[in-house]
Structures are given as C-alpha cells and as structure tokens.
Amino acid sequence: MTIVLEAYIREKREKKDILLMTHIVLGYPSMEASMEIVAQMVAAGVDLMELQIPFSEPMADGPVILKANQKALEAGVRVADCFKFAKEATKRFEIPFLFMTYTNILFKYGMEAFAGDMARAGIKGAIVPDLPPEEGDAYLNAMAEQGCHPVYIFSPTTTDERMELLSGKGSGLMYCMARKGVTGKETTFSHDLDTYLDRCKKATDLPLAVGFGVKDKEDVAYLKGKADIAVIGSQTIRIVNEQGIDAVGPFIRNLQ
Amino acid sequence: MTIVLEAYIREKREKKDILLMTHIVLGYPSMEASMEIVAQMVAAGVDLMELQIPFSEPMADGPVILKANQKALEAGVRVADCFKFAKEATKRFEIPFLFMTYTNILFKYGMEAFAGDMARAGIKGAIVPDLPPEEGDAYLNAMAEQGCHPVYIFSPTTTDERMELLSGKGSGLMYCMARKGVTGKETTFSHDLDTYLDRCKKATDLPLAVGFGVKDKEDVAYLKGKADIAVIGSQTIRIVNEQGIDAVGPFIRNLQ
Amino acid sequence: MDKRGYYGEFGGAFIPEILSATFDDLVAHFNGIKNDPLFWDSYVDLMSTYSCRATPLTYAENLTNHFGGAKIYIKREDLNHTGAHKANNVMGQGLLVKKMGKTRVIAETGAGQHGVATATMAAKFGFDCTIYMGEVDVKRQRPNVFWMEQMGATVIPVTDGTRILKDAINEAFRDWVTNMETTHYVLGTACGPHPFPEMVSYFQSIIGKEARKQILEREGKLPARVYACVGGGSNAMGIFSGFLPDAGVTCVGVEAAGRGLATGEHASRLCTDDASVGVAQGYKTFFLQDDDGQMKETHSIAAGLDYVGVSPILSQLHVEKKARFESATDEEVIAALKLTMQKEGIIPALESAHAFAGAFKEVGNLPPDQCIIINQSGRGDKDIFTVADAFDDPQWKAFIKEKAGDYRA
Amino acid sequence: MDKRGYYGEFGGAFIPEILSATFDDLVAHFNGIKNDPLFWDSYVDLMSTYSCRATPLTYAENLTNHFGGAKIYIKREDLNHTGAHKANNVMGQGLLVKKMGKTRVIAETGAGQHGVATATMAAKFGFDCTIYMGEVDVKRQRPNVFWMEQMGATVIPVTDGTRILKDAINEAFRDWVTNMETTHYVLGTACGPHPFPEMVSYFQSIIGKEARKQILEREGKLPARVYACVGGGSNAMGIFSGFLPDAGVTCVGVEAAGRGLATGEHASRLCTDDASVGVAQGYKTFFLQDDDGQMKETHSIAAGLDYVGVSPILSQLHVEKKARFESATDEEVIAALKLTMQKEGIIPALESAHAFAGAFKEVGNLPPDQCIIINQSGRGDKDIFTVADAFDDPQWKAFIKEKAGDYRA
Ligand SMILES: Cc1ncc(COP(=O)(O)O)c(C=O)c1O
Ligand SMILES: Cc1ncc(COP(=O)(O)O)c(C=O)c1O
C-alpha cells in the first residue's frame, strides 16, 4: 500500500501540470466549518489535503496556523474528535488525506494505536515536523505496519546526504519547504528556489510537494514543471478569517 | 567683666529661689514678634534670655526649635539682622542676654569679629552646643578678649573629670542638660536628676542653669534649691505656636 | 545528527528539519569546547573578571540557630553579575557563539533574568539581541524588560498560548528557524533539544564545582543535602552535578507548588503524578499535560519556575531515585523569603526562595553536626513588584499610585 | 577626647557634649581594631563569605575601543552584596558594634544604598535598626525603603530642612544623643566627626588594596588615573587610598554638576568656588553654604551625591593637590550610563556613572599603553525609577499607570 499515494499523484499529474494540496486546522473555526471547508476544497478541485490535529505548542507554525491551533483547542477539540472527523471526511470525499501534527499527539496516543486508528480512519499518511527520522523508529515501525505514509520534509538547509536519508525513510511524497522559517510568511520565488528544487529532485524519486508561502495563482504557476504539488497552507485560513468559509471554493478555483 | 554675669545671677538669687532663663529663635515667627516676645518675657520677670541665631543644621535641637530655625531662615533672617536685634534688645531691656547658635555661624563670621560685634551689641555670652572645648581655642581666645562668657554644657553622661575641664573653660554659668536627647522632649524629674545635679554642683563654682524639658510651674518648683536657673526653651515656642504671642507673658508669670 | 543526548528515556532532539544542520554545527562546536582544555579556563577567567566567581558560600548562622538542625550554607549565585546563575550559562554560550562566528543571539525569558543576562552578554560581545518573553511575564517583570531594552536588546512580548515561558520558547524557535545562519538561540535552562540540556548543565556545573570545594574547605566534609529550586532545572543541575557522585549527599530539587498541589494550580512535574512523559519544545521529559498531550496552564508566584517541562536529566535522576523532588507553595515561599531577609539580610529571588522553603521544612530534623547547602540561584530585588504585591504592602501601592499620578499630569 | 582627626585644617569633632563619652568609646574601640592584626582578617573573611570580595576588576574592552585611548578597567563594587561599596563600611562597623556590645544601629541614607546595607547588616548581626531618610529621597528611592523595611528596619522619613541626605544625618544625630548607650550610629560616608572619616576610609580601603593588586597582576603596571564619584567621599577614599602614595597615579574625584555648575543647581564642593570652608554635622570641610554659613540646597540626579559637605580627607587632598576634582552634569551622566550599558552590559548606579562620565571625557587623550581604573561604586538597577524618568521611557510609565490602576481597583 505504500505506493498507493505515489501512484495516485503520478496518475493525477498526467492530467494536471501541478496538483494542489491544502491544509486546514481541524476544529477551526469549528468542526462543522472544517467539514464545510473540506467539501468546498474538494469541489473546487483540490487533489490532496493535510488535516492538522491541533497542538498547544505548534513550534514550526507561524502566527496564522498557531492561532488556529489555539482557537481550536479553546473550543475543546480533542484528538478523538479529529479521528472522527477523519473517518467521515475520508468516507465522503475521494481525495487522499494526510494528518499533520506534532510528535506529542502521537506519543501520548501511543505510536501503534495512532497509526492503527489512522489507517482505520482512511488517512493515508502523516507529516510530523518535530519528529526527525533519528527520533522516529517507533513511529516508522508503526506507520509501516499500518501501511501509512510517513511524510518527511526537505528544507533549503538540508544537505544532499541528508536528503537521501530522508528520502529513504519517507514515502508517499516529499514535502519541500520553499524557504526557511515558519508557515505563513512571504516567500520569494526565485532562482535559489529552482536550484534547491533541482537538488530535491535529484535526491528522491518521491513526488515533490512545495509549501511555505504559496498563496496565489502566480506562485502556483511558478511551481509548474518544478514540483508535483503546490501546498496552500496559511493562505486558506486567512481567506476564511477575512472572507468567510464560502470564499474558499472560489479562491481554490482561481489558483489553477 | 567675666564675673559680671555671675555677679548678676548671685545678686538676683538672693531675692529669688530660682531664676528663669528663656530661649527664643530670632526671627520666629518674625523679627517684630521676637522683640514683642522679649518685651513680654522681661515684663513677666524673666531673669536672663538666650537668643538663638537660626542655623540651617541645628543638630542638637528637637522638632520645635528645629522648625522655628527653618521658618526664620525661610523668612530671610540673616546673621546681621540678629546682631541688630541684639543691639536693640540690650538697649531696651535690663536683663542679660546670651547668644545661642552653632559653630558655623561664628566660624563664617570670623571668631574675632563675632565676639567683637557680640560685645558691642551688649550680649553677655554665648552657648554653642557643637563647639566643645577641644575645638574651641580660637573661640575661647576671642571671647576672652571681648570679655564675653563662653557658656559650656554639662550632660548626664559627662564624667566628673570632664566636668572640671568644662568648668575651667567656661564662665558666666554652667548649662546642665536635664537629660539626654535633644531639646523639646519630656523630661522626668527624678532622683537620678538630683544625683546628677549634685555632681554638677561639686564640679563647678559657676551658677547652674538646668534646661531640656522644663516646661511648667511644677518643673520649676522641683528645681528650686537644686539649681540657680530654670531654662524654658521649646515650651515658649509651643505657647506662641498654639496660643499666640500674647500668651507668653501670662505663661511666664504662672511659672514663678 | 548523531548523538541525541538521551538520559534513560528522556531527552533527544525533536527538531524541525530546517534546524538539523544548525544543531549538527552546534553539537560539533560544543564537543569542540568540551574537549579543549583551554576553553574551561577561558570561561572561568571571564566569569571571575566580568562576574564575581567564585561566588561565596555563606554560612547562615541565624537561620541555623533558628531551626536548630544541620548547619545551613547558602551558595550565593545571587551575587553574579545580573543577579542570578543565568549569567553562567549565558556567558558560556556567548563564548561559543563567538567561536561559531554568529552575530545575533535570541533567547526566551520567563522571570526576565535570563533575558537580562542574555542582553548583557550580547552587549559585551557585540551581538544583536532579541528576547522573547510571554506577555504575562513582561507585565510582572517590567523592570527587567526596561534593562534589557536599555542594553540594546529588542524585547518581543509573546501574545500566543498561555503567554508565559513555554510560549516564549516556541517563539524563539520560530525566529531561529528563520535566521539560523546568523543567529544562535541561547536557551536559558537545561531543557530543549540536545545538546542544550547537556550544554547548559556543563556551564552551570561551575556552581557545583565551587560549592564542593568550598564546603570541604569550610566544614571538612560533604553536605548531607543540597537544595535547589527547579524551573527548567539549570541551577539544580549546576549545583547537583558537584555532588551526584557522592553517595552520602542527597540532592533535593524543589518545585513550585503554586496555590497548592491539590488545586492543580502549580508547576510541579516531578514530585506529583500530575505530569506525564511527553515530547514538546524539542525534547522528551515529564510535562504537565492532558491526556491528549496538550500542555496545561501552570502557576507559580515565581515566573522562572512557571514552566510545563523540566530538564530531561532531572527526569532521569528522578526515575532512578538519584535525586529527590519536593515542592513549596507560594505561601511557604513568601514565608521563607521573609525569614531569610530578617535573619540573614539576604534577599533570595522568588525562584530561589523555593529552595529555602524546601530546606526549612527538613533542616530541623538533621543533626547539628551535619550541614546542608541551599543554592540561592538569584537575588530578589528584581521581584519587587511581585514581592510587594505578595506582601500586600500599602506604602508601595501608595508610591505607585503617586508615581502614576505624576505621569498622568 | 584626644585625637581629633585633623587633615590639614579639615576634620575635627564638633560634637554636642552629650556625645563626648560615646565618641571616646568609639575612638578607643576603633583604635583597638586598627591595632589588632586579626581584626582585618576577620573583616576580609566576612566580606569574602557574605559579600563577594575580592570584587572583580573588569576590563572594558568595548569602551576602550570606543574611546581609543588608555585601557579602561572597572572595579566592580556593584557586585557586593546589597549592590554597592556601602556594604564594606557597614559590615566593618557591624563587627565594631559587636565588640562595643551595643544592640541597636541607626543610619542616615540618601540613595538608600547605605540604608539597605545597614538594614542588611543589622539583620545579619541581630541588631535593632532605624534608618533616617530625607522625605525627598524616600520618594525617589522607594524600592530601597521597601527592602529595608522587609529586613526588619524602621525607616523614618525626615521632613525637616531640605529633606535629603544632610537632614537625615542631623536626624540620626538627634536619635543618637538620646540613645547612645544602646545605639551606634553607622555613618555611611567618610564625613562627620572624627573618627568617622578615618574609620569609613579604613573599611573602604579594601577596594584600593584589591584594585592595586589586581591591576598589577593584569597589566604589570599601575594605572595612569583612578576615577571615583564623590558624594561624601567614601568610595573615592576607598579606591584612592590604594594609589595615593604612587606619584605616577592621578586620583580623580568626580562630583555632581547637576543641571550645570553655572546654574548653581549642583553638588560640587571641591571643583568649584561655590563652596567654602565651614563647620557642620560635626566636622570642618568645604560646604555649599551662603555667606552666613547657612547650607544651600544642592541638586544631583544621583541621590547619593546630593550632599552639601565632603570628606575632610578629600578636602585636604584637594588643597594639597594630591587629588584632582572634576564634575559631570546629570545629562553627561545619563549619556555615560547608556553607553556603558550598551557597550559592556554593565549598569552603573547613577552615582557611579559620574565616575564613568568623568573618565570618558579624558580617557581618549591618554595613550593606549596606559590604563585607568573607574570605581563602579554600585549597581544601577536600584535606580530604575530615576533612570526610567531620566530616559523618559513611555513603556515604563504605561506600566506604572497600569499597576496603579490595579491597586485602585
Ligand atoms: C533566579 C532564578 N532561579 C531559578 C530559575 C529557574 O530556572 P532553572 O531551573 O533553570 O534554574 C530562574 C529562571 O528564570 C531564575 O531566574
Ligand atoms: C552607589 C553609590 N555610590 C556613591 C555614593 C556616594 O557616597 P560616597 O561618596 O561616600 O562613596 C553613594 C551614596 O549613597 C552610592 O549609593
């Protein structure tokens, strides 16, 4: 099953220059709203989605996603609610979903239990930014046992050697941070990015998803031919904050 | 002339059980008021008076006299004004007057000049509480040259030996502090005081003036037979503060 | 990334990919100085000319008589430049930053002591400096903010999360992942990803080294017990490290019991069952967290102890029973502070006063031929606003109101 | 009463009769300890276990580079327990009080440092303690008042006279003449009647002894100049005494020029012609006084320098040209304080910042192969209210207003 996600991406890519992956924080602004946002996104043609299980210490997230995490927790979102949500979403919608969250959520749940419930909920994989492969034995074993994809991250500071290590540990796709820093800040798409993406491509056979600062049609267009997937993170939360849930569909449609 | 003051006191004492010496701060509450207070006091039968030249740092004075010093200075009283006052008072009134002040006033004026102007103003002597004999050579010489009395102070902590030293240096009268502390606080007239005054009497042939905390008829009566002079200091200032200048005469009359 | 700094099951380096190379570099440099015999000397030289190491070991005769038990000695980290043990760590890391060729430092701060220490170090070494501080702490420790700013640092109040120490740490990491080429994150306690717990303990071990030598000189024997307050655990690690190998010495860490352990409003992670093992802020240790792994709100009168996690090294000492952990409530701490001021003329920081309170509960039961050491991690005059509030001092309030009136005019 | 402690025409003991025996006793005890070789050792022992003597001598590399002249060293009295050189004098007198068998101490205080130091010493030695402090100073140094009270001292605001340091001294004398059997007056500076100028200088000479040794160790030669601020003169006497016999060393005392010497609103007694010789507070020296001998109002941003008189020993050094006296304005002092904080991470007290300001004016003219020492008599964090006001810090004001709001609620 580990090749399921890759196969899906390659298949889709034959029809589209670039795929879209979006990101939401579960329970922000509410569980119902989250489901509605997913529906709009899927309807608008999103190809994959990250569902973030909120955590109180989202160290790698910038202000927009950070606040969404907090609000969701304040509203009482529990990990169990996220699994319930996942089960429903994967049932209702055809696209693959990934969990995104931090180590402690998995650790407290128990790695094996987490991976098992994930698989049962139909979630294809997970992105855990504070769980590097060096700390990941239990996680990797549990994911492998359940046939879930552990998605790793390349960053502009990752060496070629380390890219190969990460590529060997991860599966499904490779998440490439377009720049340093946390989510939600501006990114300048430039020659440096091209060189870096070339390095990424050389280091792995996995499909490349590029995120961090991808926010509009222009950014997405720039990535065509350089990556397989453009990841829209903070920007959809911003759209929801500023224009309401119903603006999400049009926003996504406009990106392509 | 050095025996003039002593002679006056002895002569008066033949007619009175105890003499009264009062104290005022020059310029408090005003120069005119000071003169009026002197007039009332003399009329009421006071035998000697201390005229305090105000000083900004009256270290040995308690709150009542301290405040009077400050107020007088704030009102602009200068040392020259005090000499003028003295000249007029000694002309108008028959009783002997002493200056009371602190070393710096004499020092800045110049010891010789001060003693000279004092003598010319008809002032009989001076009490300078922060000028012990050890520091007093220039002062003693100047006073002697002008025939003015340097009045020294006995305190309850003064040893017999030191009393003799002080007695040898001073003249006119010996000022005996009735207790420790600064002017203007309560004194308990008790057996301890008697023993102390006996020591004083043994140590000097000069007339004894007892001050610090002498405030009413009863206190004055207590001192009869034990001292030659009762000194009323802060209490007259309190009377002026509380009842006005015209209360001074009756207060003094009532003491005897 | 090789050695991950584990102490039993605790520690590790749970860091975002982007910091991987930065940590490799940091570990390499840290290993470099550890293996360089001249480095420690240069560190001691800096600390004894810029700060006042060796800090004294003070015999507290009046407190000893008051309790009638073992002799009480106080290790005086309050006399350090900037007023706390934080200077040790910060100056050590400053030397490291110079070696690494970086030009900017960032730090989190809770009580403000670590922020002041870092701003001070940055001024001395000529680094740019940004300090992250929870908004709640900015308010309770304004004097420290003022001094940090005057020394040229930028202080950024953190308005996310619970707006205290842990949130400042997150925010510092967010800065770091953006600026790691130029910037070193001067973590202030023996927590966080490897090599921080080891590195901070290494610099702080100067306390224990000195204290051990001093007590042997003074008493000719080792102390029965050594007390330290435990926030992140750096001052405790600092003094404990001098005595851990000694079987006869009990190391006692005192955590913040806040309004009482039973109320849940505390910051005790090791001496209660309220905490459980988790992974956050880059390392694995006991955290005060709920079943989902969300961090709880903590409470302590001492901003510097108001933290959800604790040094992984202390967690392991706890599990192995090589150190004992106790707690003191806000109220007990205020009482200990008052007693220490009035008996010895010494003002412990509210953090440090936890160690005093912990020791006071026990010292009377020890025989007079034994001695104990209390680590006074810092001085309390930085805490005047908090202490005056805790003491409910009417004259202080009147003064502040008058001052405010002047400012309004 | 025998030896009256004269330095040229300055000094003496102009004391009320009632204190005569008390001073005899004090002089006898002081002579006793001076001639007891063990006393100095016990004093150094106390200071190195209770405070952190020897205080460090810090090389100020950044300031040195900034001015491009002689190397700047800073003698770190700020690292003393209680934060200033005042501790030296107070602890010394504390030992003396124990020898005299008295049970109560009183003191005047201006900046509050001497009050805090005395309250601290009283707590440690178990003495009752009353501190006299001008009402104006109580207001500008409230934090110090708070700590004195917490350490068990009674602080009495002096509402007479100009309500600053000199008035507090008068008031302390008034207490003393009432309670001399039980009470020792711990005068805080090298002023007042003999033996205080000599005695305070004796205890403070520990600064100069250390500094001389330290600079020889570090530089292999003596400094070209030694700078100290001059309030009453105790920290200046303390450091100068280590170098006075050395012909090549110029001792420079820096007085408070306040709003400018020309404005008359200052506290400079030796470097201007505004002062003249007089007798007050028990001794003869240069005072800021009018023609009648009434003391003038003085002004300095630093409460501890805001004093009309000056040590008779310094007056004599001035007259004999064995020391040089300069001044620094409030404004220059603030600038020197800022520069020192930002370049070195060191916060001098406002008093001490006068010494820095004085040195900064000259050091650029000295060749780089020479060195100077600045005596940092105290640390500046006690001055936060004054410094924040001088810097006109809007955030500080906002903080105070908010705090006041909380108290009103
Ligand atoms: C004076 C003082 N002591 C103790 C602590 C707690 O930290 P740690 O446990 O790392 O020593 C702090 C933290 O700010 C502090 O300022
Ligand atoms: C820090 C500091 N420095 C200097 C002084 C001035 O006193 P002195 O001239 O006696 O050293 C004071 C007085 O309070 C002070 O607190």
Side-chain angles (χ1 to χ4, degrees), chain A residues 53-63 66-67 69-70 72-74 76-82 101-110 114 127-136 152-159 162-163 165-166 170 175-177 179-185 212, chain C residues 1-6 9 11-25 158-163 166-167 169-181 183 192-194 276-285 287-297 308-309:
Chain A
I53 305 176
F55 180 49
S56 58
E57 320 299 314
M59 185 205 246
D61 283 299
L66 166 61
K67 286 219 172 56
N69 272 265
Q70 267 174 246
L73 290 175
E74 278 165 23
V77 170
R78 306 291 315 239
V79 174
D81 301 328
C82 298
T101 193
Y102 288 83
T103 308
N104 204 41
I105 299 297
L106 285 74
F107 180 82
K108 278 296 280 189
Y109 204 92
F114 193 93
I127 305 176
V128 189
D130 66 343
L131 193 54
E134 288 85 349
E135 304 287 356
Y152 279 106
I153 299 169
F154 284 171
S155 87
T157 63
T158 310
T159 59
R162 192 167 167 83
M163 281 187 178
L165 167 82
L166 292 167
Y175 192 113
C176 307
M177 289 172 64
R179 53 157 173 76
K180 298 175 295 169
V182 289
T183 54
K185 305 255 165 93
F212 276 56
Chain C
M1 279 197 315
D2 330 284
K3 293 209 324 188
R4 310 291 295 189
Y6 268 94
E9 69 165 311
F14 296 81
I15 50 173
E17 182 52 35
I18 187 126
L19 287 179
S20 192
T22 307
F23 271 86
D24 281 349
D25 187 49
V158 177
T159 55
D160 293 307
T162 43
R163 295 170 294 136
K166 74 172 177 59
D167 310 288
I169 294 181
N170 290 332
E171 209 53 39
F173 271 113
R174 291 188 187 107
D175 180 316
W176 207 13
V177 298
T178 316
N179 305 299
M180 61 277 179
E181 285 97 345
T183 300
H194 179 71
S276 59
V277 180
V279 176
Q281 310 210 305
Y283 69 115
K284 187 187 287 185
T285 196
F287 285 101
L288 286 163
Q289 55 182 332
D290 69 13
D291 293 344
D292 271 3
Q294 311 295 357
M295 297 300 142
K296 285 190 193 164
E297 281 214 32
V308 287

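We name chains A, B, ... by the order of the sequence lines, and we start the count at 1 in each one.
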Quick check for you: to the nearest 0.5 Å, what is the distance between D291(C) atom CG and K108(A) atom NZ?
6.0 Å

Which portion of I53(A) sits near chain C, non-hydrogen atoms under 4.5 angstrom:
neither

Verify whether one side chain among E135(A) and Y6(C) offers a donor that lies under 3.5 Å from an acceptor in the other.
yes

Most contact-rich option vs chain A, by heavy-atom pairs under 4.5 angstrom, among V277(C), N179(C), D167(C), is V277(C)

Sort D61(A) into side chain, backbone, both or neither according to what part of it lies under 4.5 angstrom from a heavy atom of chain C.
backbone

Spacing of CZ belonging to F14(C) relative to CZ belonging to F107(A), to within rounding of 0.5 Å
7.5 Å

In Å and rounded to the nearest 0.5 Å, what is the OG to CG distance from S56(A) to L66(A)?
10.5 Å

Which one of T159(A), L131(A), T158(A) has the most heavy-atom pairs closer than 4.5 Å to chain C?
T158(A)

Quick check for you: to the nearest 0.5 Å, what is the distance between F55(A) atom CZ and N104(A) atom CG?
4.5 Å

Give, for atom CD of Q281(C) and atom CG of N170(C), the distance between the pair rounded to the nearest 0.5 Å.
4.5 Å

If I take atom CD1 from residue I15(C) and atom OG1 from residue T103(A), how far apart are they, to the nearest 0.5 angstrom?
11.0 Å

Pick from I169(C), I18(C), T178(C) with the largest number of heavy-atom pairs that fall under 4.5 Å of chain A:
I18(C)

Residue among S155(A), P54(A), G62(A) with most heavy-atom pairs under 4.5 Å to chain C
S155(A)

Turns out that what part of M59(A) lies under 4.5 Å from chain C's heavy atoms comes down to both

Interface check, chain A: of K284(C), R174(C), Q289(C), M180(C), most non-hydrogen pairs under 4.5 Å belong to R174(C)

Heavy-atom distance under 4.5 Å to chain C: side chain of Q70(A), backbone, both or neither?
side chain

